[in-house]
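Here is the structure we will look at.
Proteins come first, then strands; the chains are lettered A, B, ... in the order of their sequence lines, and each starts at number 1.
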Number of protein chains: 2
Amino acid sequence: MKKDSTLPPPTLERLARLYVLLGKLQNQGLQAVSSKRLSELLGVPDHTIRKDLSFLREGLGTEQLTGKEKTGVGKPGSGLGRGYPLESLRVLIGAKLGLTHPRTACLVGLGNLGVAILNRRIWQEGVYRLVAAFDLSENRLELLSTKIPLYHARELEGVVRKYRIEIGILTVPPEAAQETADRLVRAGIRGIINFAPVVLTVKSNRVLVRNVSLAGELNILSAYLYQQEDVDG
Amino acid sequence: MKKDSTLPPPTLERLARLYVLLGKLQNQGLQAVSSKRLSELLGVPDHTIRKDLSFLREGLGTEQLTGKEKTGVGKPGSGLGRGYPLESLRVLIGAKLGLTHPRTACLVGLGNLGVAILNRRIWQEGVYRLVAAFDLSENRLELLSTKIPLYHARELEGVVRKYRIEIGILTVPPEAAQETADRLVRAGIRGIINFAPVVLTVKSNRVLVRNVSLAGELNILSAYLYQQEDVDG
DNA sequence: CATTAACTGTGAAATTTTTCACAATTATTT
DNA sequence: AAATAATTGTGAAAAATTTCACAGTTAATG
Ligand SMILES: NC(=O)c1ccc[n+]([C@@H]2O[C@H](COP(=O)([O-])OP(=O)(O)OC[C@H]3O[C@@H](n4cnc5c(N)ncnc54)[C@H](O)[C@@H]3O)[C@@H](O)[C@H]2O)c1
Ligand SMILES: NC(=O)c1ccc[n+]([C@@H]2O[C@H](COP(=O)([O-])OP(=O)(O)OC[C@H]3O[C@@H](n4cnc5c(N)ncnc54)[C@H](O)[C@@H]3O)[C@@H](O)[C@H]2O)c1
């Protein structure tokens with residue numbers, strides 16, 4: 001595996017989101033975008049976007065980029081087709097972030113939130129494969145109609161191991177979150193996206209956890225609003 | 001309104017999350033925590049936590065903090081009661097972030113995700129007041145049983161204006177997201193938490209938008225995993 | 001075909017954020 | 001009452017990230 005120098009975390013995270021945006025722009029039938037346009041769409045300054053994209057140059061293979069040479073991802077100049085060609089930019093970012101081969105995921109907890117996630121179109125797009133979903137309630141499992149394979153929660157470890165599931169999405173009640181996370185980790189999961197309002201303790205430092213916290217978002221939003229209020233008067 | 005110098009954004013966001021955590025620790029009956037413990041829980045280095053907390057000193061009122069003096073939020077020394085007293089730390093952060101007076105919020109789109117959010121305990125805690133929830137479907141509105149006032153989506157602008165709602169939580173289908181955001185903005189909303197997989201265009205720079213993007217989180221997680229794989233071999 | 005307009009790409013500077021390292025503090029133990 | 005252990009708070013140094021500014025590029029235009 002190629003040992004590209006790692007990206008600055010803020011750049012990595014912006015590129016990961018940019019990747020999503022590029023897909024949407026492609027679906028709109030566009031061919032190219034300028035850093036200025038991306039800037040408006042993403043709320044990130046245009047020079048930051050250009051700087052981020054400049055990291056795509058590294059480890060570009062055998063093309064022998066020598067010192068001063070330009071990456072040549074984007075096309076300068078005026079006119080409609082100018083800017084970054086969506087397709088090739090998306091491919092480059094995908095390669096850089098390792099989004100080229102599909103990842104397997106599972107979903108634990110099929111309540112309201114779990115079902116909302118189950119229904120997302122993202123699972124039809126092929127980049128992420130939702131290969132299993134679990135719940136404790138037999139009833140719940142019977143009622144749901146979906147193409148995703150459903151299992152009782154007791155089968156969690158077995159299924160995760162069997163399919164070598166890499167990512168777990170946690171949508172169980174708060175009381176069950178830590179225990180479920182422990183089970184996922186024991187079964188060899190590599191990353192968890194946690195929606196439960198709980199601070200998970202995950203000892204293994206091989207396992208990455210990302211928290212999606214409504215309370216956190218509300219507080220962050222309020223704090224920024226408060227700072228605005230301070231300034232405005 | 002006091003003109004405290006604004007916090008560094010990373011500090012603001014960490015404090016906003018820390019605030020949530022402190023509430024949970026209090027519910028566990030604890031009295032105090034050390035920066036080391038918080039570090040483990042939050043995945044943030046302990047010195048970063050101490051540095052963040054040092055910003056709480058600014059604008060602490062009439063206590064005349066002169067130069068070298070310590071804030072005195074946390075208590076040094078060994079023993080069980082040492083560290084930061086939960087209660088007072090939480091109050092200080094709350095004051096700094098403007099989390100002291102309740103904010104009003106509304107929820108638009110009562111599908112699976114909307115109902116999951118409607119059911120969250122956070123609305124019972126008093127810091128955020130969910131004063132309205134909207135949907136397009138009369139049917140849906142009739143079936144739901146909740147204490148939160150429900151309205152038909154056509155009443156959106158009127159209700160948001162009437163109750164001076166500050167925060168809008170967007171859980172409508174992607175097709176309806178931009179239009180709904182426009183309506184919220186027109187009605188004077190101050191912030192939006194957007195769950196729809198859409199990049200919202202919000203012209204007014206008085207309105208803050210925070211996106212909760214599953215696809216984004218999946219990509220970020222995958223990219224970090226990929227970097228790990230690169231290094232590990 | 002020269003000019004213009006609208007872009008990209010990037011090294012270097014500026015700024016922000018994190019890390020460091022240790023003096024100061026206080027309950028507990030000896 | 002001294003020694004010990006654990007912990008805060010912070011200025012200064014280091015590191016990371018963002019911003020700047022402009023040379024260079026390209027299609028369209030006159
Ligand atoms: N972060 C956010 O934005 C956000 C938004 C909404 C809800 N939430 C949280 O998401 C979680 C789910 O919310 P919901 O409204 O869908 O709850 P819910 O009660 O409707 O669903 C929970 C489901 O998990 C199942 N379950 C319980 N224990 C389990 C276990 N050990 N293993 C597998 N399945 C188990 C239950 O049978 C149920 O079907 C809650 O923790 C909620 O607080 C987070
Ligand atoms: N970010 C995340 O983590 C995440 C997770 C799950 C779902 N989602 C997204 O959240 C949204 C909702 O998901 P869901 O599963 O609840 O969908 P859903 O189809 O079950 O519910 C959507 C609801 O919105 C209502 N609605 C439609 N147009 C409306 C309008 N103009 N005004 C008011 N209400 C309107 C519908 O009547 C329906 O009740 C979708 O966009 C989905 O992609 C995001």
Side-chain angles (χ1 to χ4, degrees), chain A residues 5-15 18 30-40 42-58 60 63 65-86 88-89 92-93 96 227, chain B residues 5-15 18 30-58 60 63 65-86 88-89 92-93 96:
Chain A
S5 68
T6 63
L7 295 164
T11 292
L12 182 150
E13 302 195 6
R14 282 189 301 260
L15 288 178
L18 176 56
L30 293 177
Q31 298 295 320
V33 270
S34 66
S35 56
K36 193 164 157 238
R37 191 75 228 293
L38 292 175
S39 164
E40 293 161 5
L42 250 36
V44 168
D46 55 350
H47 52 248
T48 301
I49 287 170
R50 290 199 299 279
K51 180 57 106 178
D52 284 346
L53 296 182
S54 79
F55 286 95
L56 298 176
R57 176 141 87 99
E58 296 170 8
L60 210 60
E63 287 98 328
L65 292 166
T66 55
K68 295 276 175 183
E69 198 169 335
K70 300 237 175 175
T71 316
V73 181
K75 292 195 180 166
S78 54
L80 261 166
R82 300 302 80 194
Y84 299 93
L86 287 175
S88 53
L89 183 57
L92 262 148
I93 294 176
K96 190 70 176 184
Q227 287 198 343
Chain B
S5 68
T6 63
L7 295 164
T11 292
L12 182 150
E13 302 195 6
R14 281 189 301 260
L15 288 179
L18 177 54
L30 292 177
Q31 298 294 320
V33 269
S34 66
S35 55
K36 193 165 156 236
R37 190 75 229 291
L38 292 175
S39 164
E40 292 160 8
L41 258 16
L42 250 37
V44 168
D46 56 350
H47 52 249
T48 301
I49 287 170
R50 289 200 299 278
K51 180 57 110 177
D52 285 346
L53 296 182
S54 79
F55 287 95
L56 298 176
R57 177 142 87 98
E58 297 171 6
L60 211 58
E63 286 100 328
L65 292 164
T66 55
K68 295 276 173 179
E69 198 169 335
K70 301 237 174 173
T71 316
V73 180
K75 294 196 180 168
S78 53
L80 261 165
R82 301 300 81 196
Y84 300 92
L86 254 22
S88 54
L89 183 57
L92 262 148
I93 294 177
K96 189 71 177 184

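Of the candidates dT18(C), dA27(D), dG11(D), dT18(C) carries the atom nearest the P10(B) side chain, counting heavy atoms from C-beta on. Looking at the side chain of P9(A), the nearest of the listed nucleotides dT17(D), dT26(C), dT19(C) is dT17(D). You'll find that the side chain of H47(B) is closest to dC20(C), out of dA12(C), dT7(D), dC20(C). Of the candidate nucleotides dT26(C), dT10(D), dG9(C), dG9(C) has the atom nearest to the side chain of R50(A).
Of the side-chain N and O atoms in T48(A), none sit less than 4.0 angstrom from OP1 or OP2 of dT18(D). At dG9(C), one or more side-chain N or O atoms of Y84(A) fall inside 4.0 Å of OP1 or OP2 (strictly under the cut-off). For R82(A), no side-chain nitrogen or oxygen approaches OP1 or OP2 of dA5(C) to under 4.0 Å.
Applying the salt bridge (Lys or Arg N to Asp or Glu O under 4.0 Å) rule to R82(B) yields no partners; only residues at least two apart in sequence or on another chain are considered. Contacts of T48(A) classified as side chain to side chain contact (heavy atoms under 4.5 Å, CB included), with partners at least two apart in sequence or in another chain: R14(A), V44(A), P45(A), D52(A).
In this structure, the CG atom of D46(B) is 14 Å from the P atom of dT18(C), given to the nearest Å. Atom CG in L92(A) sits roughly 15 Å away from atom C1' in dT8(C) (whole-Å rounding). D52(B) places its CG atom 13 Å from the C1' atom of dT16(C), with the value rounded to the nearest Å. In this structure, L53(A) places its CG atom 10 Å from C1' of dG9(C), rounding to the nearest Å. In this entry the distance linking NZ of K51(A) with C1' of dT15(C) reads 14 Å, nearest Å. For the pair L7(A) CG and dT17(D) C1', the computed distance is 13 Å after rounding to whole Å. Atom pair R14(B):CZ and dT16(C):P shows a separation of 15 Å (rounding to whole Å applied). Rounded to an integer number of Å, the gap from L56(B) CG to dG9(D) C1' is 12 Å.
Mapping S34(B) and P76(A) onto DNA chain D by nearest heavy atom places S34(B) closer to the 5' end of the strand.
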Can you pull every protein N or O that's under 3.5 Å from an N or O on nucleotides 1-5 of chain D?
| unit_1 | atom_1 | unit_2 | atom_2 | d |
| --- | --- | --- | --- | --- |
| dA5(D) | N3 | S78(B) | OG | 3.2 |

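Within the nucleic acid shown, S35(A) comes within 4.0 Å of sugar-phosphate atoms alone, with no base atom in reach, counting heavy atoms only. Residue K36(A) is out of contact with every strand shown, counting any heavy-atom pair closer than 4.0 Å. At the heavy-atom level, R37(A) lies nowhere under 4.0 Å from the strands shown.
Considering all non-hydrogen atoms of both residues, S35(B) and D46(B) come closest at O-CB, 3.7 Å. For L86(B) against V33(B), the heavy-atom pair with the smallest separation is CD1-CG2, 3.4 Å. Taking every heavy atom of both residues into account, P76(B) and G74(B) meet most closely at CD-O, 3.7 Å.
With rounding to the nearest 0.5 Å, the separation of CG in L18(B) from OG1 in T11(B) is 11.0 Å. Between atom CG of residue L15(A) and atom NZ of residue K96(A) there is a gap of 9.0 Å, rounded to the nearest 0.5 Å.
For Q31(A), the CD atom counts as loosely surrounded, since its 6.0 Å shell holds 12 or fewer non-hydrogen atoms of other residues, nucleotides or ligands.
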